Each structure stands twice: as structure tokens, then as C-alpha cells.
J.: 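Below are the C-alpha cells for one structure; questions will follow.
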Amino acid sequence: MAPPKQTVCIVGAGQSGLAALKESILQGMEPICYDLDSDIGGLWHKKETYENSNTASVWQSLVSNNSKYTMSFSDFPPNPRDPVFFSAQQLHDYLKKAVKHFGMEKYIHLNTKVVKVREAPDHDQTGKWEVYTCPSHVEVAEAQDLSQCKKETFDNVFICSGWYKKPYYPDIPGLKEFKGHISHSFTYSDPRPFDGKKVLVVGNKFSAAEVVTDVASLANETYLALGKGTWIVPRLLSGARIIDLAMHRNQIHSSDPEYEFNEFFMQEACGKMDHFESGVGCNENPSKSPWCISDDLPVKIASGKIKAYGHLTELKGSTAIFKEGESIQGLDAIIFCTGYRTELSFLDLKVHSDDGKMEMYMLAFPLNRKHNTLAVIGHYGTDGPMVVMGENQARLAASVMVGSRSLPSQKVMAQSVEFWNQSSSDRRPGYHNYMIPGFAFLDTMAVEGGFYPSFWKLMLRDPVLAWRTWYGPYLAAQYRLLGPGSQWEKAREICYTGYSEGLQCIRHADKKMVDRPDLRRRRKTRTVRLLGSSLIVVGIVVFRMWRKGEFSR
């Protein structure tokens, strides 16, 4: 008689929660998924209003920083006609299609609040957890008053409630006395409230770049407080390259990946705009400093639509004062794009220390636990593709929960935790700035889970694919080529499509390559000149040799 299926509760139905739900189903678990929202998608579910929202906002002009090749699940590729970069609505539509494709609908319970997750009375023996839920509209006065809640017991729990939960505001003197409108990118959804206004956006990373360019389309004057500065990289790079497809695996695994990263970002950033002549640059390398992705920001700064300043140190009335001695008067609004605090108050387990260090192996399994029956997915900041990162985490975690894979010793796990904590701290100190290098982390999880696309293993089956996987871009489908849960033929086909498709997916008219008679003429002229010059040189040499009588010897 087959043993009963492992039950698992998944908290959250955003991109990480759906990845956990998908992997739970694929690995034979009995899941149930709860989400506070009225629809799946988490961050990518656009709402009418973001006041009192449980997720950060998205807006009409927002598009993904990573391309569709790394914003999709490894075993569910995007449609070939989907654009290279998803809008919020397109990514939400993709996630809904994935839900239908994998038959996840029946496991998802929306408008449901998870009030408490705690160890069951017999947890020490069984590893089980108690989960308390209630309808989203019910207010539970105290977390300890669970009388209004439904209690269930599960063998396992996935915490996928998201990283961007509470807006973080810096402590700026005079902020409380500011008479204008103060907001955060957490609730930003529309530039229209700032039409004709004088607006200051504070921040130097991803959301700041997106919000300030959106606001500048309607605001009368727009300013950007960049602090120490930033590196601005476009989505479409020189040579018609797509940003996340331009970073190759051999660079990440080179003898000096920091050099590769810095060289790549500095070259691409300064190729669009001189960061130091314009005053937006940072005096630290990109690997250890803020950077952002924007195609519009350099042009709007160059055109004066956005004016970039340095460190905001004080507010006096409607005047912003900067460390560098500059000031801006008559401000109507300030938008802070200064990061987030997370929210795990419902979990009776501490997974990070007060100094910001995570205490989780692969940022998923809390350390020093007798039973590895709880995993936290997507609880970190990263410059990598969150969809496939969450999937890799969930895939590894589910395999541990069902017993098909074991974790290493506590000593080895503690060393790994310290490595990633130090890696984040070296880049951006502070808990709300926790930032791990995404592509390196993707491969580390894959190695631990047994589904890393090894060059030599691939070489035995398909040398061309092995070469392109190592010396080419990261693609989600590469993690389905080998190991547990692999789908060789399907994944191989998806990879080859990703390597060759480029920008063809956005083409709606057939265009032939430009005929260049001028180029052929220039090449012909240069060839004739080169041959003529060569003949003259040879003639001179022969003449001199003849004069010296060398031919008569």
C-alpha cells in the first residue's frame, strides 16, 4: 500500500507561490494554497487602488526588467508571439495561463488571510505545522486570538508571501513638516496626480528609474535625488542584444566574475550616457553599488525633463536641501523609492537576524531545524529573474519534503548561509537592501537540487547545446535538461528557440536586409587601393634589390 501523500500549505499565490504549488503537484504532494488577494499573481495583479494593499504597485507603463526567456517557468515557455519584455498585464496573463496549464485552480483559495503558522503540538516528532486562516475581510484583533480562524494541520509549509511588503522611508529631518504630498513607490500607480506639479523622486535603483520617468511625462518639473549615484543600463544593449541574454554562464563562472560584471555594466551604462560628466554616476563599481534598468532615463536627463541631484539631507517647508549644497524650492510632492521591509509576523519562527542576515539555507530552509518541513520562497532582493529563481527554490524544497533529496550537514549549510549573507552585505549593507547575485544563485540551487545543466553531461548528448548553454545566455528551460523532473526533448526545443528567436517575436512586417551598394563600393575601392599599395611596395623593394645587383649574384 502506497504511503499517504505529503500535505503542504502554500502561503501566497504570487509568482513564487505558484512555483511552489506547481512543484508540489509535480512531485506528488497534496497542496492547498491561500492568498489574501482577489486574484493570483501577487505583485503582478494590478489593483484599482494600492491604499492598504498587501502588494507593491504596478502601473500602465511598467515592463519587466528581464526578458520573457527568464520570466517564465522552465517547463511552460511563453508564447512565441509574446513580446520580449512583459508588461504587468502580460505577465499576469502568463501566470494565469500557467495556472490553467498545470491544473492549479482547484488548489487555490483566494480572499483568505493566513493569520498564524506555528508548530503543531507533536512537531518535534512529526515536523507538522498548524495553519490558521480566516476570510480576508475578517479583522483578528490579536494574533494570539485565533478563535475566529480555521485551524488546519499540514506536513509541510511553503511561505511565499513576498519580499516587497512594507514601504521603507529614510529618516529625513523635516519630513513630517513637509506640506506637500508624500508617497512611496509601493502605492504609485499613475502619473496623473502629479500633472503640472513640481515633484522630487528619491531613490537610485529599479523603482526610482521607472517612477521618475513615468512622472516626468506629466509633471511640470521633475527632480531625482540619486544619493551616491547609480549606473543606468538599458534593456536593449549595443549590438541588438537583450539585457539578461547578454550575461553568459561562462562569465558568471569565470575566475573573476566581479570583473566580468563590472566591465559589462560600466561599458553598457556609459555607452548610452557619460555617467560622470552628467553627474549621475557612482564612484563605486556596479557590483558594489546601486544600478538600475531604464531606456528612457538617460534621454530625459539629457533633455532636462529630469534633473538629477545627490544626497537629500533635509526638508525645510517645501524646500529640499542636498549634501552637495544644492536646493530645490517650491516642491509639491515627494515620492520615495527607497526599498521595502518584509512582513512575516504571522510566522512563529525567526528566519533572519536583526542585523539583516538571513538564517536560511539556500534562503529557503531555516537553520538548526530537526525537520526540514518549512521552506521560505522568494524572501530576498535580487538582480536576477524572480520567477525562475522561485521555481528553482521550490523545486529543491519540494524534493527535500517528499524525501527524494537530502540536505547537507548543519555545518555545511551554515557555511553556505554565511557566504550568501556576506555576498549581499558586500554589495549593499542592511536588511532592506538585501541583494544577492541572481544568476550565480540560480546555478547554486540547481547544483543542490541535481538539475544543473552541466557542460560535460550535455556534451555527451548534444555538443552544440552544451556549447550554447555554457557560452550563451541563461534560459529558464536549461534547468529542465537534466536531473530529477527533466524533460529533455521539450526543454531542448525551448532552448534552441530561445537562442535563435531574438527580436523576431515582435516583428509584424517582413523586412529584407538593406541593400548596400555603397558598402560594396567602399569595400571594392579599399581592396583596389590595398592591392595597388601592395604592388607599389613590392615594386620599390624589387627595384632597390635590382639597383644593388642582388639579382645578378
Side-chain angles (χ1 to χ4, degrees), residues 61-71 83-87 185 201 203-214 216 224-249 251-252 254 256-303 305-306 308 337 339 381-386 388-389 424 426-428 433 435-442 472-475 502-503:
S61 65
L62 183 68
V63 296
S64 61
N65 288 327
N66 292 288
S67 71
K68 66 178 181 178
Y69 309 103
T70 55
M71 288 296 286
V84 176
F85 296 101
F86 285 129
S87 68
S185 57
V201 176
N204 54 17
K205 295 190 279 291
F206 300 99
S207 58
E210 297 290 350
V211 169
V212 75
T213 53
D214 201 42
L224 178 60
L226 283 170
K228 66 166 69 174
T230 192
W231 297 93
I232 309 169
V233 183
R235 288 176 178 82
L236 294 176
L237 308 177
S238 58
R241 295 173 300 158
I242 298 166
I243 181 167
D244 54 337
L245 303 190
M247 186 59 68
H248 297 172
R249 185 171 271 106
Q251 295 173 298
I252 299 298
S254 72
D256 194 348
E258 184 179 9
Y259 164 79
E260 297 282 358
F261 184 89
N262 288 331
E263 189 71 6
F264 170 76
F265 272 85
M266 292 177 74
Q267 192 174 75
E268 293 299 335
C270 292
K272 192 78 175 280
M273 180 175 68
D274 189 315
H275 277 48
F276 300 99
E277 189 173 278
S278 62
V280 305
C282 183
N283 61 1
E284 296 175 348
N285 288 324
S287 62
K288 299 184 184 300
S289 66
W291 59 274
C292 61
I293 296 175
S294 178
D295 302 275
D296 298 332
L297 184 54
V299 174
K300 288 194 173 180
I301 291 175
S303 65
K305 288 288 290 181
I306 296 171
C337 304
T382 179
D383 53 20
M386 285 293 290
V388 68
M389 290 179 75
S424 174
D426 287 346
R427 302 181 87 195
R428 298 177 190 173
N433 282 328
M435 179 68 67
I436 58 170
F439 289 114
F441 190 57
L442 271 174
Y474 279 79
L475 301 176
L503 297 177

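None of these values were measured; they are calculated from a predicted model. Counting begins at 1 with the first residue of the sequence.
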J.: To the nearest 0.5 Å, how far apart are CE in Met71 and CG in Asp244?
T.: 9.0 Å
J.: Got a donor-acceptor contact below 3.5 angstrom from the Asn262 side chain to the Ser287 backbone?
T.: yes
J.: Please evaluate residues Ile252 and Met247 with respect to the criterion side-chain contact (heavy atoms from CB on, under 4.5 Å), reporting the C-alpha separation (whole Å), side-chain torsions for both, the decisive distance (0.1 Å), and the verdict.
T.: CA-CA 8 Å; Ile252 299 298; Met247 186 59 68; 3.7 Å; yes
J.: Is there a side-chain contact (heavy atoms from CB on, under 4.5 Å) between Glu260 and His248? Walk through the geometry before answering.
T.: CA-CA 10 Å; Glu260 297 282 358; His248 297 172; over 6 Å; no
J.: Is there a side-chain contact (heavy atoms from CB on, under 4.5 Å) between Phe261 and Asn285 once you walk through the steps?
T.: CA-CA 9 Å; Phe261 184 89; Asn285 288 324; over 6 Å; no
J.: Taking all non-hydrogen atoms of both residues, which atom of Ala246 and which atom of Arg241 are closest, and how far apart?
T.: CB-NH1, 4.0 Å
J.: Identify the two heavy atoms, one from Ala209 and one from Ile293, that lie closest to each other, and give their separation to 0.1 Å.
T.: CB-O, 4.3 Å
J.: Check salt bridge (charged side-chain N to carboxylate O under 4.0 Å, His left out) between Glu263 and all other residues, then give those that pass, not counting sequence neighbours.
T.: none
J.: Rounded at 0.5 Å granularity, tell me how far CD1 in Ile243 sits from CG in Asn65.
T.: 7.5 Å
J.: Work out which heavy atom in Ile436 is nearest to a heavy atom in Ser424; give both atom names and the distance.
T.: CG2-CB, 4.4 Å
J.: Has His275 got a side-chain atom pairing as donor or acceptor with Ile232's backbone, closer than 3.5 angstrom?
T.: yes
J.: With sequence neighbours excluded, what pairs up with Phe264 under the ring pair (Phe, Tyr, Trp, His ring centres under 6.0 Å) test?
T.: none
J.: At what distance, to the nearest 0.5 angstrom, does OH of Tyr259 lie from OG of Ser254?
T.: 9.5 Å
J.: For Lys300 and Ser303, work out which heavy atoms get closest and say how close.
T.: O-OG, 3.2 Å
J.: Would you call Met266 and Pro286 a side-chain contact if the rule is heavy atoms closer than 4.5 Å?
T.: yes
J.: Looking at Ser185 and Cys337, would you say the former's side chain and the latter's main chain have a donor-acceptor pair under 3.5 Å?
T.: no
J.: For the CG atom of Leu237 and the NZ atom of Lys272, what is their distance to the nearest 0.5 Å?
T.: 9.5 Å
J.: Short question: side chain of Asp295, backbone of Arg235 - any donor-acceptor pair under 3.5 Å?
T.: yes
J.: Does a sphere of radius 6.0 Å around CZ in Phe276 hold more than 12 heavy atoms from other residues, nucleotides or ligands, not counting ones at 6.0 Å or beyond?
T.: yes
J.: For Leu245 and Pro473, which heavy atoms make the closest approach, and how far apart are they?
T.: O-CB, 3.1 Å
J.: SG of Cys270 to CD of Glu277: how many Å apart, nearest 0.5 Å?
T.: 11.0 Å
J.: Where is the tightest heavy-atom contact between Leu226 and Gly203, given as atom of each residue plus distance?
T.: CD2-O, 3.7 Å
J.: Checking Glu210 against Ser294 for the side chain to side chain donor-acceptor pair (under 3.5 Å) test, could you report, in this order, the C-alpha distance in whole Å, the side-chain angles of both residues, the deciding distance, and whether it holds?
T.: CA-CA 7 Å; Glu210 297 290 350; Ser294 178; 5.7 Å; no
J.: Is the Phe206 to Trp231 ring centre distance short of 6.0 Å?
T.: no
J.: Roughly how far, to the nearest 0.5 Å, is the CG atom of Leu475 from the OG atom of Ser67?
T.: 8.0 Å
